[in-house]
Amino acid sequence: MGDEPGESDADARRRIARSLSIRAIVPNAITAAALCSGLTGIRFAIAGDFEKSVQAIILAGLLDGIDGRAARLLKAQTRFGAELDSLADSISFGVAPALIVYLWTLRDLPSIGWISALAFTICCVLRLARFNARLDVLDQPHKQAGFLTGVPAPLGAGLAFLPMYLWIVSGRSEFANPIAVSGWMVLIAFLMISNLPTLSWSRLRPPRDIRIGIIALVGLLAAALLTEPWLTLVLITLIYLLLIPVGIVTYARFRRRAAQVEPAASPPPDA
């Protein structure tokens, strides 16, 4: 029998063969590269090079953003690729960040620190499982309105590293306090599995008269990442945290407008 109910072995082999077509190799190879980058981040953390470990996770996040777009561009979206992507994300953005932060400071508080690291990893995996379970679900109010549900796994990993960014920038040991970092990891874990509506790229539609300025801003941001990477990452992280309540308010307004339009659009009852 195949992997799915009612699927024969021949059907399963044909499905896997389609998943590993020439076009599908490119996005799946990018996903594998993201996975290797995340695992390499753990290796750097074991060696005590935490700057390189964070850089490896950031690289994994960039590759994770590329593989899906490559699959859509090549029309190579497959079930195999989706499963591989989720498995890679669970390691690169769940297991790896938790171990890196644990090796950085949480191991000074073994019990609570390890529990907070486990909470982060479990919540990341649960988020990815929830995402996969909803792939074929039509009734998704957040998605239909152009919002995400909770904080995405790559961004959750980036948020988890905020104390480390501040520690690298300032050199102050207060930012490496294991109790505070444990609380921060649990908070980010909650944000990943929460039902809070968060802004997605599809909701970011700046007015036409400022789009040229945004292009210039992106160029300056790239230059800032090259010259002052850690301070720039702090700024980006804080901006995203501020956008979370903006997303909640924007979604509430959208729902209110939808509720006002729905009664007006419904036909009057028969006499």
Side-chain angles (χ1 to χ4, degrees), residues 1-9 11-20 24 27-28 30-32 34-35 38-39 57 60-61 63-72 75-98 116-160 185-203 240 244 247-248 250-252 254-255 258:
M1 295 297 291
D3 295 335
E4 297 180 359
E7 184 181 41
S8 66
D9 291 339
D11 292 337
R13 285 194 294 270
R14 283 194 293 269
R15 178 172 56 83
I16 295 174
R18 288 193 300 270
S19 300
L20 296 176
N28 289 332
I30 296 173
T31 302
L35 173 59
L39 291 171
I57 302 302
L63 293 173
D64 180 69
I66 293 172
D67 62 0
R69 287 167 176 79
R72 288 189 290 271
K75 297 181 180 179
Q77 295 168 287
T78 63
R79 184 64 178 267
F80 176 87
E83 295 295 337
L84 177 63
D85 185 69
S86 291
L87 290 171
D89 287 356
S90 65
I91 295 174
S92 296
F93 309 124
V95 176
S116 64
L118 286 177
F120 180 87
T121 302
I122 291 171
C123 289
C124 180
V125 173
L126 289 175
R127 174 188 170 75
L128 294 168
R130 181 179 66 181
F131 176 81
N132 287 344
R134 291 182 175 180
L135 283 176
D136 300 325
V137 177
L138 298 178
D139 186 17
Q140 297 189 54
H142 291 168
K143 185 177 180 180
Q144 292 168 355
F147 290 82
L148 301 174
T149 302
V151 173
L155 290 175
L159 293 177
M185 293 289 285
V186 172
L187 174 62
I188 302 305
F190 166 76
L191 290 177
M192 284 195 291
I193 62 170
S194 69
N195 287 319
L196 296 175
T198 55
L199 294 173
S200 66
W201 288 109
S202 61
R203 295 295 305 180
Y240 182 79
I244 292 177
I248 297 172
T250 304
Y251 181 73
F254 175 85
R255 294 290 293 176

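Treat the numbers as computed from the prediction; the structure is a model and nothing was measured.
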Minimum heavy-atom distance between [X] and [Y], given as atom pair plus value:
{"X": "A117", "Y": "A98", "value": "O-CB, 3.5 Å"}
{"X": "G81", "Y": "N28", "value": "CA-OD1, 3.3 Å"}
{"X": "A189", "Y": "A119", "value": "CB-O, 3.7 Å"}
{"X": "A96", "Y": "G38", "value": "CB-O, 3.5 Å"}

To the nearest 0.5 Å, how far apart are [atom1] in [X] and [atom2] in [Y]?
{"X": "L196", "Y": "L148", "atom1": "CG", "atom2": "CG", "answer": "12.0 Å"}
{"X": "I30", "Y": "L35", "atom1": "CD1", "atom2": "CG", "answer": "14.0 Å"}
{"X": "L155", "Y": "L191", "atom1": "CG", "atom2": "CG", "answer": "11.5 Å"}
{"X": "R127", "Y": "S90", "atom1": "CZ", "atom2": "OG", "answer": "13.5 Å"}
{"X": "L187", "Y": "M192", "atom1": "CG", "atom2": "CE", "answer": "10.5 Å"}
{"X": "T31", "Y": "E83", "atom1": "OG1", "atom2": "CD", "answer": "12.0 Å"}

- Task: In sequence, state the C-alpha distance, the side-chain angles, and the governing distance for T198 and F147, and then conclude on side chain to side chain contact (heavy atoms under 4.5 Å, CB included).
- Result: CA-CA 6 Å; T198 55; F147 290 82; over 6 Å; no
- Message: Is there a side chain to side chain contact (heavy atoms under 4.5 Å, CB included) between I122 and I193? Walk through the geometry before answering.
- Response: CA-CA 10 Å; I122 291 171; I193 62 170; over 6 Å; no
- Message: Go through it in stages, so that I can follow the logic: the residues are D64 and F93, the test is side chain to side chain contact (heavy atoms under 4.5 Å, CB included), and I'd like the CA-CA distance, side-chain angles, deciding distance and then a yes or no.
- Response: CA-CA 10 Å; D64 180 69; F93 309 124; 3.9 Å; yes
- Any sub-3.5 Å donor-acceptor pair from S92's side-chain atoms to A34's backbone N or O? yes
- Query: Would a distance-only check, ignoring hydrogens and angles, find a side-chain to backbone donor-acceptor pair under 3.5 Å from T121 to G94?
  - Reply: yes
- Which is it for I188 and V151 under the side chain to side chain contact (heavy atoms under 4.5 Å, CB included) test, yes or no, and what are the steps along the way? CA-CA 8 Å; I188 302 305; V151 173; 5.8 Å; no
